[in-house]
2 protein chains.
Amino acid sequence: MIRRLSQARERGIPEATVARLPLYLRALNGMSERGLATVSSEDLALAAGVNSAKLRKDLSHLGSYGTRGVGYDVEYLIYQISRELGLTQDWAVAIVGVGNLGRALANYGGFVSRGFRVAALLDADPEVVGDRIAGLNVEHIDELEAVIRRRGVSIVVLATPAAAAQQVADRVIAEGITSILNFAPVVLSVPEGVDIRKVDLSIELQILAFHEQRKTDRMTGGPAMAEEWPEAVDL
Amino acid sequence: MIRRLSQARERGIPEATVARLPLYLRALNGMSERGLATVSSEDLALAAGVNSAKLRKDLSHLGSYGTRGVGYDVEYLIYQISRELGLTQDWAVAIVGVGNLGRALANYGGFVSRGFRVAALLDADPEVVGDRIAGLNVEHIDELEAVIRRRGVSIVVLATPAAAAQQVADRVIAEGITSILNFAPVVLSVPEGVDIRKVDLSIELQILAFHEQRKTDRMTGGPAMAEEWPEAVDL
DNA sequence: CCCACTTTGTGCATCGGTTCACAAAGGGAC
DNA sequence: GTCCCTTTGTGAACCGATGCACAAAGTGGG
Ligand SMILES: NC(=O)c1ccc[n+]([C@@H]2O[C@H](COP(=O)([O-])OP(=O)(O)OC[C@H]3O[C@@H](n4cnc5c(N)ncnc54)[C@H](O)[C@@H]3O)[C@@H](O)[C@H]2O)c1
Ligand SMILES: NC(=O)c1ccc[n+]([C@@H]2O[C@H](COP(=O)([O-])OP(=O)(O)OC[C@H]3O[C@@H](n4cnc5c(N)ncnc54)[C@H](O)[C@@H]3O)[C@@H](O)[C@H]2O)c1
């Protein structure tokens, strides 16, 4: 029993492809601004930093939007990718936790551009509540549920301390939110059907450090085989 | 001709594993603080949000550090993972671009904790240069090369506008830097051997939007098959 | 209208990563 | 010392993603 209507059209886009579509979109927008009408998979792949076969396969999952011998129509492809990603509608985003990071995010113009609108800022600190940031009033976390409903929030950005993140997540999920972007360094436990994406600076640095160490080890002829547990450390 | 000395010991840790080690480390630190002496793969996997077979395979790439029937010694494992990740040495990090985001990063205590030290802040804006942030003087971007050398910087965090990122990257790479964490929404082009990790808020939101759209589509009985190019858009 | 050239879309081999499932190893009780 | 219980470490099947390589499709020139 094989289920396969048309190669891959019936709504089954690989996760890896989805993660690259925004990259293509950004490259295409640059080309659109520079007035290019069409682009080949080779050129677009170069601009997006991927291999051209991969790009073509990715795009083929959306449909057959290219013209052989010519390439892809820039504006048309922008439209198709935007539609696929859901950027033709606008998304109300709430930022919870308006500290260092929350403020930077609120003031950031970069994502308002593409369908995302910061619709609410929430914090627990009475010192912060009431502040006006990027044209928005910071509201009290007690208002969380009401604000989500009132503003039609569908994506929540968590920028609270780690200790508060799970508890805030539970509350927004109870309110029906199923998309969360988490900056707090904790593993959130959420029910099936809720999408969490995490951004973790510290993890990124640790991965860089791993490779950096390896590069310098290689130059100095490998580590001095210090495999042993040093005496100094108490168990 | 098969090259295989000891299962996987000779320095070949899968990338996916490396990306998870910081997660295990964080979970282990929590356990250490709570005074746990040993932990089973089952419990640690739960805390890190992964499946226990994966956890065991990941750890097996570092060596055979568990005890069958017992589990892993928490402190010992913390030490081994830290060493593998290169966190037993300290890394001098420079942040280039001290705007909204750069400031938040500079003020963030969370990564100083684990082997990373913000050693320099640089900006091009004369208004910003000279500011004192988190105990550091913001220096002028003209000093970039000198500062990197003087402070022994080995990891650079890019928090400049997109337009400046490539140019700054070129300069730090010329100075010998091979590890860059990039927050600017551009594809950096760098020579072989230079590691770039990127953090892109906008991409994360777009991925969430994609899934969110799909979830709501499903509830409303799928998209209204609006496959066509709407009239309004000019080509 | 036909031919030469360009570029897409995809079948297929390959690869890295995940998961299952179990033999081997160690601990503790008696 | 033996037996039973727990938990690791890993072989092997599986799965999704990557990249090669080429047939099919379309363009433009003569
Ligand atoms: N600043 C960075 O560069 C950075 C980098 C990586 C990760 N992070 C993480 O992002 C999160 C925020 O970092 P930050 O530097 O902005 O911290 P911060 O302390 O400056 O801000 C946290 C804010 O959250 C508020 N808050 C606390 N509990 C709350 C609750 N229950 N509900 C709502 N708001 C609450 C606090 O009042 C504060 O305003 C932290 O988890 C941090 O680990 C920050
Ligand atoms: N703020 C956010 O939440 C956020 C989120 C995602 C991505 N980003 C990206 O991070 C980057 C920084 O964002 P931001 O909000 O802090 O912007 P910002 O404009 O507040 O800060 C940028 C800083 O870089 C400095 N700068 C400009 N050119 C420079 C150069 N050649 N060398 C050194 N410094 C230079 C500017 O003087 C300014 O201080 C941008 O690329 C932005 O797209 C920001």
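By convention in this document, chain letters (A, B, ...) are assigned in the order of the sequence lines, proteins followed by strands, and residues within each chain are numbered from 1. All values below come from the heavy atoms of this structure, side chains included, with hydrogens, waters and symmetry mates left out. Treat the numbers as computed from the prediction; the structure is a model and nothing was measured.
In this structure a side-chain-to-backbone donor-acceptor pair under 3.5 Å is present from B/Ser40 to B/Asp43. Distance alone, capped at 3.5 Å, places no donor-acceptor pair between the B/Glu75 side chain and the B/Ala37 backbone. In terms of modelled atom types and a separation under 3.5 Å, the side chain of A/Gln80 and the main chain of A/Leu62 share no donor-acceptor contact. Put simply, the side chain of B/Trp91 never gets that close to the backbone of A/Leu205: no donor and acceptor are under 3.5 Å apart.
A salt bridge links A/Glu84 and B/Arg214; the closest N-O separation between the charged side-chain nitrogens and carboxylate oxygens is under 4.0 Å.
Near DNA chain C, meaning a heavy atom under 4.0 Å away, the residues from residues 33-48 of chain A are A/Ser40, A/Ser41. Shown for residues 14-26 of chain A: no residue has heavy atoms falling under 4.0 angstrom of DNA chain C.
Taking only side-chain nitrogens and oxygens, A/Tyr72 never comes nearer than 4.0 Å to OP1 or OP2 of D/dG26. Residue A/Lys57 has no polar side-chain atom (N or O) positioned under 4.0 Å from OP1 or OP2 of C/dT10.
B/Pro185 pairs with exactly one of B/Ile203, B/Leu201, B/Asp200 by the side chain to side chain contact (heavy atoms under 4.5 Å, CB included) rule, that one being B/Asp200.
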Next item on the list: Let me have a per-nucleotide readout for nucleotides 21-30 of chain C, 5' to 3', with B, S or -, counting only protein heavy atoms under 4.0 Å.
Entry: B--BBSS---
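Of the N and O atoms on the side chains of A/Asp170 and A/Gln166, at least one donor lies less than 3.5 Å from an acceptor on the other residue.
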